[in-house]
Amino acid sequence: MKIKFCPNLKKSICILFLVLSVPNLQAQDKSNTYDESQMKAYSILWQQTAAEYRALCYQAFNLASVRLKEIPRRQFRKGNLAIITDLDETILDNSYVGAQLIKEHKQMNGAEWDRWTAVSKATEVPGAVAFLKEASKKGITIFYVSNRDTASVENTLIDLKRLELPNADAAHCLFKTDTSSKEIRRKKIEENYKIVMLMGDNLTDFSTAFEKNSIQDRFDKTDLDQKKWGDKFIVLPNCNYGEWENALYNYERKSDDEKVKMRMELLKGF
Ligand SMILES: [Mg+2]
């Protein structure tokens with residue numbers, strides 16, 4: 001038997017199909033967002049729950065402590081020794097803001113970052129406080145060279161003071177003004193101090209050579225400085241964000257779909 005549809009019924013079926021399709025499209029969009037946020041959740045959970053992360057941080061600061069002990073006495077006699085350290089994911093653990101944004105289904109932006117720094121709830125990266133206190137006790141001055149906005153110095157100092165970090169005052173916080181490059185700020189400190197160590201989770205915390213480079217260039221320049229890692233340069237782990245992530249997308253703003261495509265192209269299988 002052949003079923004005949006009246007024109008109105010056909011129209012109704014089409015409308016019904018469209019209505020049913022819309023939630024599916026929405027679900028597809030949501031699943032992409034979900035994938036991106038779950039990717040971030042994984043790296044944040046590594047920072048918050050992996051004892052291996054904790055051990056790597058201790059390892060970095062233990063090594064830094066060994067290097068301090070190797071500094072000749074005559075250098076201390078001359079005075080004006082300084083350590084330049086980054087703050088975020090080097091001294092301060094900010095994983096909480098990433099975690100909160102995932103829970104709230106939001107993406108990171110300037111306003112969300114400000115919301116986080118305003119509450120001054122950052123904790124220390126494991127081992128950071130003890131190491132900086134040890135360095136300060138030896139007479140070394142600590143400079144916090146961070147790409148936090150200068151407007152957030154006051155809120156940041158609440159964290160630094162609560163953690164009882166040395167040199168926790170505005171004069172030792174060189175935050176971002178007009179450029180994210182830290183070179184000018186490093187040079188400024190070098191006018192009056194001998195820099196014995198640099199600490200960071202991002203290779204731009206150490207040298208301009210790593211600014212906005214391709215993945216291969218970053219590798220090549222890391223190889224050139226091979227002897228400095230674990231010596232004058234102390235690196236902290238951060239698989240959550242950083243210049244390495246920007247390099248994946250050629251420092252360009254990409255949609256979630258484009259990011260997925262680029263990541264797939266970069267993955268090296270066998
Ligand atoms: Mg950092």
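Just so you know, ligand 1 is whichever comes first in the structure, and atom 1 is the first atom listed for that ligand. Keep in mind that what you see is a predicted model, and the values were worked out from it rather than measured.
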*Verify the distance test for Asp205 against the Mg ion (ligand 1): any N/O/S atom under 2.8 Å, yes or no.*
no
I'd like the atom name of the N/O/S atom in [X] lying closest to the Mg ion (ligand 1).
X: Asp86; answer: OD2
X: Asp201; answer: OD1
X: Asp88; answer: O

Would you kindly say whether [X] and [Y] are connected by a side-chain donor-acceptor distance under 3.5 Å?
X: Lys259; Y: Ser255; result: no
X: Ser43; Y: Tyr241; result: no
X: Ser95; Y: Gln48; result: yes

*Is it true that Lys261 and Glu258 make a salt bridge, defined as a side-chain N closer than 4.0 Å to a carboxylate O?*
no
